[in-house]
Amino acid sequence: MAGRIHSEKFASKVTDAETVAKMVKNGDKIGVSGFTGAGYPKAFPVALAAEIKAAHERGEEFMVSLFTGASTAPELDAELAGVDGVKYRTPYQGDPVMRNKINDGTSFYQDIHLSHLHNQLAYGFFGKLDWAVVEVAAITAEGELVPSSSVGMNRTYLDLADKIVLEVNSWQTEDLYGLHDIYYGIEEPPGKRGPVPIMNAGDIIGQKTMKVDFDKVVGVIETDSADRNSPFKPLDEDSMAIAGHLIDFLKGEIKAGRMPKNLFPMQSGVGNIANAVLEGLLESDFEHLTCYTEVIQDGMISLLDAGKVDVASATSFSLSPEAAHMINESAAKYRGRMILRPQDISNNPEVIRRMGVISCNGMIEADIYGNVNSTHIAGTAMQNGIGGSGDFTRNASISCFVSPSHAKRGDISAIVPMVSHHDHTEHDVSVIITECGLADLRGLAPRQRSRLIINNCAHPDYRPILLDYVERAEKEAKGLHTPHILSEALSFHQRFVETGSMKKK
């Protein structure tokens with residue numbers, strides 16, 4: 001038997017990626033593992049892209065629908081998008097090649113809340129799922145699967161797909177065994193499904209491995225390839241200022257008696273700013289924190305190692321290469337302190353609300369009344385997607401959004417009169433933070449919010465024109481609940497499209 005395949009039955013299915021790729025047909029729907037560049041299949045997508053390219057060169061139509069956990073890596077999204085092989089993509093992506101194909105109209109993309117995708121697949125909204133292609137760290141002697149560095153949608157794809165391909169990646173340490181909590185109770189239909197029995201971030205409610213129907217497995221591919229992890233940018237002054245504002249706010253919540261000294265469980269979005277906030281917590285005097293989130297990033301591991309965080313629950317790693325190497329060397333020591341769950345559990349609205357999670361996510365822009373755009377540039381071009389930010393924002397006890405106040409050397413303001421695309425409405429946003437300051441929007445009507453957001457969060461270069469807009473809107477608008485001058489509400493974006501800057505010349 002192969003080294004990571006401890007079952008004779010599954011060892012008999014070992015093959016190569018090229019053989020399996022030849023079985024895929026035009027129009028097939030494929031569910032693949034992978035979440036933020038962790039745990040995605042490394043060999044199958046490259047082989048499938050070669051098949052698609054060859055078919056196109058013969059003049060044949062060949063595109064597939066691609067379902068993932070979240071973003072993946074160039075070996076998957078870029079390979080398939082680069083040969084015009086993706087007809088439909090969901091629920092989240094972050095690859096520049098895939099993004100270009102979405103924005104030039106080659107590929108359809110549906111931006112779906114991550115906690116919603118399981119139900120939509122299970123209820124048959126997409127029809128039959130033809131394939132599940134899932135990376136694992138090992139196959140046990142009993143024929144169950146040791147998940148690799150992400151869980152994401154893997155359980156759902158394995159359950160629903162007609163045909164299954166397993167990539168057994170020996171780069172992923174077998175010491176990941178015991179870090180996963182795979183819960184199977186959520187697949188019951190409405191009316192029969194019970195509550196998810198999680199009361200605390202560290203609760204274990206499932207099993208260490210994933211189940212798989214051997215009769216559906218058409219191939220087992222052996223790989224030895226690293227996840228495509230990206231280094232985080234060094235902490236800069238803006239990131240440290242944002243982290244400082246959030247920490248001061250949380251201390252104020254404790255002082256006001258609205259939160260315990262170790263806070264409610266923390267959620268942190270993906271990326272450099274979110275990781276910087278975690279690093280900021282490292283220098284604080286908080287102790288015995290817990291995290292109930294989507295991804296475990298470098299900053300969260302630092303907090304675990306420093307004893308600041310007792311337990312971190314997520315669905316995936318999102319690490320720098322150095323941190324990924326460290327985890328591969330010492331994953332076993334984190335058992336019981338790190339937990340990776342399916343994304344319909346890590347992002348489950350019921351659990352998030354029950355535990356009072358504090359959410360902290362990045363944004364592209366916010367408007368003067370507290371609406372947030374997380375996904376679109378100038379209203380029409382997709383950046384990445386909403387991911388799980390909506391799952392947490394809508395259900396958190398306190399929902400925070402963070403961003404530098406401006407971008408592109410000052411030509412883009414993160415605070416605008418009206419967002420060009422709505423992802424999170426004013427009803428769900430509690431706090432907005434930039435390096436300039438923090439706006440606590442709780443208990444405030446729209447007109448009370450506008451000047452607070454402008455004065456506390458907008459960059460000084462943009463405050464005068466934002467205040468001018470508000471003052472004129474309050475005089476000219478027919479309704480004063482949310483005053484707007486409709487002909488100017490998107491003027492910042494129009495200027496950017498026309499001149500390359502939101503600033504007035």
Side-chain angles (χ1 to χ4, degrees), residues 231-253 266-286 297-300 302-303 358-375 377 383-384 389 393 398-417 419-420 423-424 426 429-442 444 449-467 469-470 492-493 496 501-503:
F232 291 100
K233 294 178 182 178
L235 291 179
D236 57 22
E237 289 185 7
D238 286 353
S239 300
M240 290 188 289
I242 290 169
H245 294 318
L246 177 59
I247 290 167
D248 288 344
F249 169 77
L250 294 174
K251 288 181 177 178
E253 291 298 290
M266 299 283 295
Q267 177 261 342
S268 176
V270 180
N272 290 296
I273 297 293
N275 193 64
V277 170
L278 295 173
E279 293 286 358
L281 288 169
L282 189 64
E283 303 302 320
S284 73
D285 54 4
F286 291 119
Q297 302 187 101
D298 289 25
M300 204 167 288
S302 297
L303 289 166
I358 304 163
S359 71
C360 183
N361 290 285
M363 65 182 186
I364 291 173
E365 62 188 8
D367 68 27
I368 57 176
Y369 298 119
N371 300 289
V372 168
N373 168 20
S374 296
T375 59
I377 305 299
Q383 182 65 17
N384 294 331
S389 60
T393 296
I398 300 174
S399 55
C400 306
F401 281 93
V402 298
S403 172
S405 64
H406 62 171
K408 300 291 185 184
R409 299 174 298 279
D411 285 325
I412 295 177
S413 175
I415 307 300
V416 294
V419 289
S420 59
D423 289 300
H424 311 283
E426 59 173 295
V429 179
S430 306
V431 175
I432 293 173
I433 311 171
T434 71
E435 81 283 2
C436 299
L438 179 148
D440 182 355
L441 308 181
R442 296 173 299 172
L444 300 180
R449 293 177 166 208
S450 60
R451 286 171 177 78
L452 181 68
I453 293 172
I454 293 169
N455 290 325
N456 287 17
C457 300
H459 190 274
D461 289 352
Y462 286 95
R463 284 178 199 161
I465 54 176
L466 287 165
L467 288 169
Y469 174 84
V470 168
F492 278 42
H493 305 90
F496 176 74
S501 177
M502 290 184 174
K503 291 178 179 177

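The basis for the numbers below is simple: all heavy atoms, side chains too, and nothing from hydrogens, waters or symmetry mates. What you see is a predicted model; the values in this text were computed from it and never measured.
Take His424 and apply the ring-ring contact (aromatic ring centres under 6.0 Å, His included) test, not counting sequence neighbours, and it matches Phe401. Not a single side chain to side chain donor-acceptor pair (under 3.5 Å) links Ser413 to another residue, sequence neighbours left out. In this structure, Asp238 has no side chain to side chain donor-acceptor pair (under 3.5 Å) partners at least two apart in sequence or on a different chain. With sequence neighbours left out, the side chain to side chain donor-acceptor pair (under 3.5 Å) criterion links Ser284 to no other residue. A search for salt bridge (Lys or Arg N to Asp or Glu O under 4.0 Å) contacts involving Arg409 returns nothing, not counting sequence neighbours. Every residue was checked against the salt bridge (Lys or Arg N to Asp or Glu O under 4.0 Å) condition with Asp423, not counting sequence neighbours, and none meets it. The side chain to side chain donor-acceptor pair (under 3.5 Å) check on Tyr369 picks up nothing, with sequence neighbours excluded. With sequence neighbours excluded, no residue forms a salt bridge (Lys or Arg N to Asp or Glu O under 4.0 Å) with Lys408. Applying the side-chain contact (heavy atoms from CB on, under 4.5 Å) rule to Ser403 yields the partners Met363, Ala414; only residues at least two apart in sequence or on another chain are considered. Partners of Ile364 by side-chain contact (heavy atoms from CB on, under 4.5 Å), not counting sequence neighbours, listed by chain and number: Asn373, Ile377, Gln383.
Shown here for Ile358 and Leu250, the closest heavy-atom pair between the two residues is CD1-CD2, 4.1 Å. Leu452 approaches Ala439 most closely through the heavy-atom pair CG-CB, 4.0 Å.
Within the 4.5 Å cutoff, side-chain heavy atoms of Met266 are placed close to those of Leu281. Residues Ile453 and Asp367 fail the side-chain proximity criterion, which asks for heavy atoms closer than 4.5 Å.
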Side-chain donor-acceptor pairs under 3.5 Å in residues 239-248, sequence neighbours left out?
residue: Ser239; atom: OG; partner: Asp236; partner atom: OD1; Å: 2.7
residue: His245; atom: NE2; partner: Glu435; partner atom: O; Å: 3.1

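Here the straight-line distance linking atom SG of Cys400 with atom CG of Asn361 works out to 9.0 Å at 0.5 Å rounding. Between the CD1 atom in Ile412 and the OG atom in Ser405 there is a gap of 12.0 Å [rounded to 0.5 Å]. The line from CG of Asp411 to NE2 of His406 is 10.0 Å long, rounded to the nearest 0.5 Å. Between the CG atom of Asn456 and the OG1 atom of Thr434 there is a distance of 8.5 Å, given to the nearest 0.5 Å. Atom CG in Leu441 sits 7.5 Å away from atom SG in Cys457 (nearest 0.5 Å). The OG atom of Ser359 sits 9.0 Å away from atom CD1 of Ile398, with the distance rounded to the nearest 0.5 Å.
Ring pair Phe492/Tyr462 is tilted by interplanar angle, where 30° to 60° counts as tilted.
When atom types are taken as modelled, the side chain of Thr393 and the backbone of Ser399 share no donor-acceptor pair closer than 3.5 angstrom. A distance-only check finds no donor-acceptor pair linking the side chain of Asp440 to the backbone of Val431 [under 3.5 Å].
Listed by first and then second residue, the salt bridge (charged side-chain N to carboxylate O under 4.0 Å, His left out) pairs that reach into residues 449-463 are Arg451-Glu474, Asp461-Lys503, sequence neighbours excluded.
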